[in-house]
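The structure appears right after this line, and notes come after that.
Chain naming here is simple, since letters A, B, ... match the order of the sequence lines and numbering starts at 1 in each. Excluded from the calculations below are hydrogen atoms, water molecules and symmetry mates; all remaining heavy atoms, backbone and side chain alike, are included.
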There are 2 protein chains.
Amino acid sequence: MTTINDVAQAAGVSPATVSRVFNGGRVTAERAERVRRAAAELGFAPNRVARSLRMQRSSVIGLLIPDIENPFFTALARGVEDAAQRTGLPVVLCNTDENVDKERRYLHIAVAEQMAGVIMAAASRSRTDLSALEGRRIPVVAVDRRLRGAEVDAVLMDNEEGSEAATAHLLARGYRRIACITGPQGASTSQERLAGYRRAIQDFLDDDPGTAAQDVDLLRDYTRHADFKVEGGRRAMADLLAAPQRPDAVFAANNLMAVGALQAVHEAGLESPQIGVLSFGEVPWAPLVRPSLTTVQLPSYDLGWTAANLLLDRIAGKRDPLRTVVLRSSLLVRESTAGPTTGHRSRAAGRRQ
Amino acid sequence: MTTINDVAQAAGVSPATVSRVFNGGRVTAERAERVRRAAAELGFAPNRVARSLRMQRSSVIGLLIPDIENPFFTALARGVEDAAQRTGLPVVLCNTDENVDKERRYLHIAVAEQMAGVIMAAASRSRTDLSALEGRRIPVVAVDRRLRGAEVDAVLMDNEEGSEAATAHLLARGYRRIACITGPQGASTSQERLAGYRRAIQDFLDDDPGTAAQDVDLLRDYTRHADFKVEGGRRAMADLLAAPQRPDAVFAANNLMAVGALQAVHEAGLESPQIGVLSFGEVPWAPLVRPSLTTVQLPSYDLGWTAANLLLDRIAGKRDPLRTVVLRSSLLVRESTAGPTTGHRSRAAGRRQ
DNA sequence: CTGAAAGCGCTAACAA
DNA sequence: TTGTTAGCGCTTTCAG
């Protein structure tokens, strides 16, 4: 393996000079040129491990996400990667599986590898422990999910507003027994999306006391906690549909659970928009699903991009006060929430063989 | 930061002994216990960077894939991760974007970081250059795609057989003008899937010379090369549908291009199975797409799992001869290939407003 | 602007 | 079994 010393010898300079050439130190043009030529001839590539040891900091950033198979997080990862690319920092992607233990192991590795910084969508709001990183002054940016009490920058989205708008849309379309399948208790996103759903319903009742009596079903407990996965969404929806007074619409707090809910709807021999289905987060190729799925569009890529830029600032030593950036979502109305009585019912029935 | 020396001092032993405790060297139980207690008290965690420098090899494995947003590759990545997990080796995921330059940069990083090994689905069969890794004796396993002339283990699947079976199925269902949208020229998977498609058609003509005359259309050039992405598939299909004698079925050589092809079919006011659509590779939530999509099921997770185990063997020093493992695919027939004359045509027409 | 020298934290001979 | 010692390849004072 050719080292900095080999290059130094070949170029007739000291190792220190070679190092300076590769790190933007002051070197006369002529010597720098000699060094570069020698390096090229010898096929020299700086050893990043040695560099990291000496600098007490490596040149990778860690990205911890809870589910690599969820397109929301892969889009977010692309955002991170594209932003990091511009500075040449590689991104190490770690899949925590919504599992606090696995997450902790990865965080320890981040410390032991002396990573330059970490971006994380935490597995748990309160149980995720960043103390190891804080001790080593490794900058962290929380993305998508909040972190309790951690002194870190955060890039989030308007979960509550998005959910509220989604639920209000369902109400406006005439659905009255609206269920909510939200995520695990520990995640901030679960709580916020549930809160938005509740607020929309509460506002509806408040605004129009006249209808409150007949809309008492809205207060019924149609809330389920699942795990942000397809199968969990399916089970939750099956459970909801088995209730004596079954819901006429469902708001799923993430894309995968919406897919599961759709499956359960089909399995029950029902169809949307008779049963309204609304997904918080785009389902890939949602346009191909029939009837097409109404979704809240999330800024997944931008979340990653923004988080990476915040982190890069911190790595570069910027000492601004901590920031929390909130990006906006938007509702994309398609067919699955057309309303409970749009006549699709009979057509749908006729189509089933 | 607490180092091995701090622990040694606290436990009243030498640094070498501490190192041995953490690396399975021979140490008397009593002293080992003392070391462990001291380490725990001091919150010591071995510095992996220093370790890597000393050992001339780090403890991460690199996984290079061409498209992190393709569920095929994320499933593969999970397989790799699950296998690696058991040995505690973290996996660094690098997205090459089907781009040989980006891929080359990541390969250089793999060398400079002295990675323990690399698993890669190469961006190009011939232009991907592994010489840098070979020089440093970093073991490599090719997964999903072949590598020209590289001395590496490989884990592939039966692309040609799978495509042949898929195309034969389309023929058996009565489609006669079958198009093929395959991937970029450089990828081995593109070539093999195209070859399987061609062989199925050739065999069909050979087997039944009587029909050959009327089935001359089968020889027409219905082949397109796209980029394994949704938009590429859409354009290719739109182009095919614009031909004077348009195809009555399409075999898409990967999942994303199949999605694009479906879009193009819809945009042309057509519908499958009137136009048969068959995807090489599962589309996530294909069951939700109406009509449901016939697909070749690929062993994506197992590809990753198997590749990781091969690599771990090499990292552990196993010196067996090079192996190529081929995993099998299977055809899952759904509605999109029911045949050109199943009566869906009129129903579909009736449903369009 | 340049070079000499020290040392980041760890492991692996070697000697005891 | 244990300790001593010598680096792994790099960056960074400090002198010159």
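Considering only the side chain of B:Val13, D:dG3 comes nearest among D:dT2, D:dG3, D:dC8.
Rounding to whole angstrom units, CE of residue A:Met1 and P of D:dC8 are separated by 10 Å. In this entry the distance linking CD1 of A:Ile4 with P of D:dC8 reads 14 Å, nearest Å. Taking atom CD of B:Glu113 as the reference point, atom C1' of D:dC10 lies 13 Å away to the nearest angstrom. The distance from atom CZ of B:Arg20 to atom P of D:dG3 is 8 Å, rounded to the nearest whole Å. When rounded to the nearest whole Å, the span between CG of A:Asn5 and P of D:dG7 equals 13 Å. Residue A:Leu53 contributes atom CG, which lies 13 Å from atom P of D:dC8 at whole-angstrom precision.
Of the residues near DNA chain D, B:Gly12 and B:Ala50, the one whose nearest nucleotide (by heavy atom distance) lies more toward the 5' end is B:Gly12. Where A:Pro46 and B:Arg54 each meet DNA chain D at their nearest nucleotide, the meeting point lying more 5' is that of B:Arg54.
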Would you list the atom pairs, donor with acceptor, under 3.5 Å between side chains in residues 130-138 of chain A and any protein atom, with sequence neighbours excluded?
residue	atom	partner	partner atom	Å
A:Ser131	OG	A:Asp129	OD1	2.9
A:Ser131	OG	A:Asp129	OD2	3.1

Can you list, pair by pair, the side-chain donor-acceptor contacts under 3.5 Å of residues 24-33 of chain B, counting residues two or more places apart and other chains?
residue	atom	partner	partner atom	Å
B:Glu30	OE1	B:Arg34	NH1	3.3
B:Glu30	OE2	B:Arg34	NH1	2.9

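With a 4.5 Å cut-off on side-chain heavy atoms, B:Pro46 and B:Ile4 do not count as touching. Residues A:Asp6 and A:Thr3 form a side-chain contact, since some pair of their non-hydrogen atoms from C-beta on lies under 4.5 Å apart.
In this structure, B:Ser52 does not reach the D:dC8 phosphate: none of its side-chain N or O atoms is under 4.0 Å from OP1 or OP2. OP1 or OP2 of D:dG3 lies within a sub-4.0 Å distance of a side-chain N or O belonging to B:Thr17. Dashed line: the shortest gap from a side-chain N or O of B:Ser14 to OP1 or OP2 of D:dG3 is under 4.0 Å.
Direction of the helix axis in the helix from C:dC1-D:dG16 to C:dA16-D:dT1 shifts by 30° between the two five-pair termini, rounded to 10°.
Residue B:Phe22 is classed as having no contact, given no heavy-atom separation below 4.0 Å to the nucleic acid. Residue contacts shown for B:Val27 are limited to sugar-phosphate atoms, with no base heavy atom under 4.0 Å away.
Applying the salt bridge (charged side-chain N to carboxylate O under 4.0 Å, His left out) test to pairs two or more places apart or on separate chains, those with a residue in residues 65-74 of chain B are A:Arg78-B:Glu69. Sorted by first and then second residue, the pairs that involve residues 39-56 of chain B and meet salt bridge (charged side-chain N to carboxylate O under 4.0 Å, His left out), not counting sequence neighbours, are A:Glu113-B:Arg48.
You can see that DNA chain C meets the heavy atoms of chain A within a 4.0 Å-exclusive cut from C:dC1 to C:dG9, reading 5' to 3'.
The closest side-chain donor-acceptor pair between A:Arg105 and A:Asn99, if any, does not fall under 3.5 angstrom.
Tested against A:Thr128 for a side-chain hydrogen bond (donor to acceptor under 3.5 Å, both in side chains), the candidates A:Arg104, A:Glu103, A:Arg148 yield a single pass: A:Glu103.
For an aromatic pair to be called close, the ring centres must be under 6.0 Å apart, and B:Phe44 with B:Phe22 satisfies this.
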